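Computed from a predicted structure; not experimentally measured.
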Amino acid sequence: MSEQENEVAVCIVGAGPVGATLAALLAAEGVAAAVIDAAPLPPMELPAFDGRCYAIAAASQRILARAGVWDRLPEPPCPILDIRVADGRPGEPASPLSLHFDHAEAGDTPFGWMVEARALRVALNARLPSLPNLSIHAPARAEVTRTPDGARIALSDGTHLRARLVVAAEGRNSPLRNQAGIRVSTLDYGCLGMVGAIAHEKPHHNTALEQFLPNGPFAQLPIAGTPEHPHASAIVWSERTAIAKRALAMDDAAYGREIARRLGDHLGRVTPIGRRWSYPLSALHAHRYTDTRLALVGDAAHGIHPIAGQGLNLGFRDVGALAALIAEALARGEDPGGAALLARYQAKRRPDALMMLGATHALERLFGNDFGPLRIARRLGIAAVGRIPPLKRFFIRQAMGVT
C-alpha cells in the first residue's frame with residue numbers, strides 16, 4: 001500500500017445531512033470511515049437566517065444524538081408538541097372536521113423538533129473533524145471502482161482509498177447510482193414546493209398545522225423566535241407551478257397576504273422573513289438500493305412528496321438501519337460490504353420507503369383536488385381518525401418516525 005492509500009470499512013460519497021450523519025454515526029461507534037464531498041466543510045459561525053428548516057422526527061433525533069451531532073446544535077431546537085390537520089380552501093375557514101394530535105398521547109414526548117438548516121450544518125461540520133475514526137476529504141471528487149473483492153476510490157487531491165463498502169449519498173442525481181446502472185422511477189407532480197419563514201403576532205404554542213388545500217398542502221411549523229421576531233414559524237407551501245411562480249414574484253406584502261389566505265387567522269398578522277426557496281415536486285424511487293459493494297441512502301434511493309414532512313427522516317432511517325447492520329457485521333467478523341449485508345439492508349429499507357412513497361402519493365391524490373363529494377368524504381375521514389384510537393396511534397408513530 002502506498003503512503004497516500006488508506007483503508008477504511010466504509011466510504012461515504014456525499015456529505016449532506018444524511019451522508020454526514022452516517023459518517024458521524026459510524027465513526028462514533030468505532031467504524032473506520034471516510035466521507036467525501038465536492039464542497040468544502042469548513043467550521044463556521046452561524047450564518048444569517050435564510051428561512052430553511054428541517055422537521056426532525058423523534059426517531060431521527062435519537063440517531064443525531066447517537067452520532068454526537070444533536071448536542072452541537074448552536075441553538076436549541078423548537079419542539080413540536082401538537083399537530084393539527086385540517087382541510088379547506090384558500091381564503092375560507094378550515095373545515096371544523098379536523099384532527100388534533102397531542103404530545104400527551106405520545107407519552108409527553110415531542111413529535112419532533114424544528115431545526116434550522118444552517119444550525120444542522122454547523123453542528124455536522126463541528127462534529128466530523130472531532131472523530132478519530134473518520135477521514136474527511138472535502139473539497140474533493142471521487143472516482144470509484146468496485147469489484148466483488150472491494151472498492152478503490154481515487155480522489156482529485158491525489159489520495160487513494162480502499163473500502164469494503166461505498167455509500168452513495170449524493171442526492172437525487174446520484175452519479176454512483178447511475179454508474180451502477182440502477183434504474184429509477186419518477187413522477188412529476190406539476191407543482192412547486194415553496195419554503196420559507198414567517199413572523200406572526202400570536203404565539204404558536206409549539207403547534208404545527210397541516211392544511212390540505214385543492215392545489216396542494218400548506219404546512220406551518222413552529223420555530224424558535226428571536227428578539228426581532230419573537231413569534232415565528234417555517235412554512236412549506238405546495239402549489240401548482242404557474243400559481244407558485246406568480247406568488248414567488250410578489251412583493252412581501254402581497255406574498256404575506258397569500259400565505260395568510262392559506263394559513264388562516266389563528267396566528268394574527270403574518271410577515272414573510274428570510275429568503276424564499278422553491279423546488280419542483282416529484283417522487284423518485286430506485287429499483288434497487290444496492291449493487292456490488294454499494295448501498296444507496298437518502299435521496300439517492302428515494303424522494304417523496306413533502307405532504308407528510310418525512311423526506312429527510314426517511315433518509316435518517318436509512319442511516320440508522322445501515323449503521324446497525326455494519327456494526328453487527330464487524331462485531332461478528334463478517335464483511336461489512338458483502339452481498340449478505342447488502343441484501344439485509346435492502347430488505348429492511350425498501351418496504352418502508354415504498355410504503356411512505358405510496359402513502360404520500362395517495363394523500364396528494366386524495367387531497368389535491370376540489371371535487372365536492374370527495375372533499376366531504378376526506379373531511380369525514382380526517383375526523384374519523386381522531387375517534388379510532390388504534391388508527392390515531394398509528395399516525396402518531398408515523399409522525400415520530402417510529403416503524
Between N125 (side chain) and P42 (backbone), is there a donor-acceptor pair under 3.5 Å? yes
Are T147 and D149 close enough that a side-chain donor and a side-chain acceptor fall under 3.5 Å? no
Are there more than 12 heavy atoms of other residues, nucleotides or ligands under 6.0 Å from atom CD of E143? no
CZ of R183: more than 12 outside heavy atoms within 6.0 angstrom? no
Would you mind reporting whether D318 and V18 have side-chain heavy atoms less than 4.5 Å apart? no
Residue pair L120 / P17, side-chain heavy-atom distance below 4.5 Å: yes
Does H302 form a side chain to side chain contact (heavy atoms under 4.5 Å, CB included) with L314? I'd like the steps, not just the answer. CA-CA 9 Å; H302 43 68; L314 205 56; 3.7 Å; yes
Could you tell me whether a side-chain N or O of E239 sits under 3.5 Å from a main-chain N or O of G193, the two making a donor and an acceptor? no
Using a 6.0 Å cut-off, check whether atom CG of D251 has over 12 heavy atoms from anything other than its own residue. yes
Sub-3.5 Å donor-acceptor pair from the side chain of N133 to the main-chain atoms of V31, do we have one? no
Main-chain N/O of N313 paired to R317 side chain as donor or acceptor, under 3.5 Å: no
Can you list the residues that meet the ring pair (Phe, Tyr, Trp, His ring centres under 6.0 Å) rule with H285, with sequence neighbours excluded? Y289
Any side-chain heavy-atom pair of L192 and L248 under 4.5 Å: yes
A163 backbone acceptor or donor facing R293 side chain under 3.5 Å: no
Holding to ring pair (Phe, Tyr, Trp, His ring centres under 6.0 Å), I want the full list of residues that pass it with F49, two or more places apart in sequence or in another chain. none
Got a second to check how far R246's CZ is from E258's CD, nearest 0.5 Å? 9.5 Å
Correct closest heavy-atom pair for R288 and D291 would be NH1-OD1, 3.0 Å
Scan side-chain atoms only and decide if S185 and H287 contain a donor-acceptor pair under the 3.5 Å cut-off. yes
With a 4.5 Å heavy-atom cut-off, do S238 and N215 have their side chains touching? no
Check: G216 main-chain N/O paired with W237 side-chain donor or acceptor under 3.5 Å: no
Could you tell me whether the side chain of L73 reaches within less than 4.5 Å of the side chain of V115, counting heavy atoms only? yes
Under 3.5 Å, side chain of D265 to main-chain N/O of G268, donor-acceptor pair present? no
With side chains defined as the heavy atoms from C-beta onward, is the minimum distance between T207 and L209 less than 4.5 Å? no
Verify, without hydrogens or angle tests, whether R52 (side chain) and G196 (backbone) share a donor-acceptor contact under 3.5 angstrom. no
When you compare the side chain of F212 with that of V85, does any pair of heavy atoms fall below 4.5 Å? yes
Do L284 and D299 have side chains that get closer than 4.5 Å, going by heavy atoms? no
Check this for me: N173, atom CG, are more than 12 non-hydrogen atoms of other residues, nucleotides or ligands nearer than 6.0 Å? no
